[in-house]
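Remarks on the structure that follows.
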Number of protein chains: 2
Amino acid sequence: MIPKKIPAPVSKRLALYHRCVNTLLNSGKDTTSSKELGERLSLKATQIRKDLSYFGDFGKRGMGYDLNYLKESLERVLGINKHWNIGIVGAGNIGMALSNYQGLTREGYKVVALFDRNPSKVGNFVGTQKIPIYSLDDICEKIRELSIEIGVIAVPANHAQAVADKLVECEIKGIVNFAPVKLYLDSVALEDVDISTSFKALTFRIQGGSCGGT
Amino acid sequence: MIPKKIPAPVSKRLALYHRCVNTLLNSGKDTTSSKELGERLSLKATQIRKDLSYFGDFGKRGMGYDLNYLKESLERVLGINKHWNIGIVGAGNIGMALSNYQGLTREGYKVVALFDRNPSKVGNFVGTQKIPIYSLDDICEKIRELSIEIGVIAVPANHAQAVADKLVECEIKGIVNFAPVKLYLDSVALEDVDISTSFKALTFRIQGGSCGGT
DNA sequence: TAGATTGTTAATCGATTAACAATC
DNA sequence: TAGATTGTTAATCGATTAACAATC
């Protein structure tokens, strides 16, 4: 479908472009340029043009990019031109916070269920959306019933791999892992959000060590 | 202090090594090798040796690495051989979840205060640690009083830059930003934890696009 | 037509990896 | 001594950027 090999850092940058395009649209503009995007994101204009060019010709020479068209195009590329149903495993601090997180809802991600192995939590409903907490035992059944496509792992590190294996068994399409542990999966897309790693990278820099980029 | 130029991805990998070393120690081992670490983290042994070599000679030829010594060394390099005091700005979902988050406490990060501009939240205490919520107006004063070195931004995107400017004015040492917006700072270390970007990178991959690494 | 800005090719830069001498 | 595994140099690979022809 997409022929050329795409550098790994591109997907994260596309998400940044999408965010920036939204900001520009909200400020009332209807056109932008790789130069403007580059200035706002502290990136080279060339890099932005190159990244976009992997997926199509979204601009007009001499004119720049139509913001609405660019937004739509980016949403198509990022797969957020549709809604995604999400199930969160682990109704602890992180799991609960995510289930109420506007940042996800606003982008078309919909948390439809939480799962926990603690019987005292099962049966409750979370947040303003009243998202139900189900037993971990029913996870495959609920994934099917509710058309859950993305699983979020928000359990302690020592349970994360078992949960991941279970999700794969339930034929989940992708996993976002918040547990501070490396997961071994094949054939399922995985993204890690390692909070403590970011803190360590920060203190590394504060305290002397120093790397190139951010 | 550290002479050679260190590639940007190294700091994140160091944090992974640290995590892996802890796991190995907990499993009762007291020695490891770049080969073993590489297998566990799906990285090349050479890369691990090279990364470590930027900071010292932590191994013994023919013998591998003493886990305790490697752990200590990594903690020194990452700056987690000391405790860091953290202040979280924004007592919403994310801010509250972070203030109770074991993953930080366990690594020597201590959340000592939250800040919010909502008067109905100010004066309350959060979680088992009874962390106080202060008014955003008092932030510089409290940062000094409580020796807060790291500020966490957990406010909506449209307030994030103002909060960041304030933190810099209060002479914070570093910032971890959870708001989905690009911040402009100079002279203060910044790490972004962009949750929705990770979800977008995931759906990008699920839905057809594909990049090299994870 | 002149000015602007794209999409793309080629050159550069930087990070990863293979190879190997050092040494436990 | 033979085997293992490090730390480091040199080669490779991949990502970024500069340059520019295409075109609005």
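Lettering of chains follows the sequences in order, A, B, ..., and the numbering in each one begins at 1. Only a predicted model underlies this, so the values are computations on that prediction, with no experimental measurement involved. Note: hydrogens, waters and symmetry copies are ignored here, and every other heavy atom, side chains too, is used.
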Charged tip of Lys200(B) within 45° of Phe204(B) ring normal and under 6.0 Å: no

So Lys50(A), base contact, sugar-phosphate only, or nothing? Heavy-atom distance under 4.0 Å. base

Could you grab the distance from atom CD1 of Ile94(B) to atom OG of Ser99(B), nearest 0.5 Å is fine? 11.5 Å

Nearest-Å distance, CD1 (Ile48(A)) to P (dA18(D))? 13 Å

Would Glu72(B) and Arg76(B) pass as an ion pair if we require N to O under 4.0 Å? no

Can you measure Lys5(B) atom NZ to dG14(C) atom P for me and round it to whole angstrom units? 6 Å

Does OP1 or OP2 of dT5(C) have a side-chain N or O of Ser34(A) closer than 4.0 Å? no

dA10(C) - base-pair partner by Watson-Crick or wobble geometry, distances under 3.5 Å: dT17(D)

From the candidates dA18(C), dT5(C), dT16(D), the one with an atom nearest any side-chain atom of Pro9(A) is dT16(D)

Find the partner of dT23(C): check Watson-Crick (N1-N3 plus N6-O4 or O6-N4) and G-U wobble (N1-O2, O6-N3) distances, both under 3.5 Å, and reply none if neither fits. dA4(D)

Between P on dT5(D) and CZ on Arg49(B), what's the gap in Å once rounded to a whole number? 10 Å

Round to a whole Å and report the spacing from NZ of Lys44(B) to P of dA11(D). 20 Å

Separation of dA2(D) atom C1' from Arg61(B) atom CZ, nearest Å, is 18 Å

Side-chain contact check for Arg13(A): nearest option of dT17(D), dA21(D), dT16(D) is dT16(D)

Checking the side chain of Tyr109(B) only, and the main-chain atoms of Phe199(A) only, is there a donor and an acceptor separated by less than 3.5 Å? yes

In whole Å, I'd like the distance from the OH atom of Tyr65(A) to the C1' atom of dT23(D). 14 Å

Regarding Thr46(B), tell me which of base, sugar-phosphate or nothing describes its non-hydrogen contacts under 4.0 Å with the strands shown. base

Heavy atoms from C-beta onward define the side chain here; which of dT17(D), dG7(D), dG7(C) lies closest to that of Gln47(A)? dT17(D)

Tell me the interatomic distance from Phe58(B), atom CZ, to dT8(D), atom P, rounded to whole angstroms. 11 Å

Please state how far atom CG in Asp57(B) lies from atom P in dT5(D), giving the value in whole angstrom units. 18 Å

For Val176(A), is there any backbone N or O sitting under 3.5 Å from a side-chain donor or acceptor partner on Glu191(A)? no

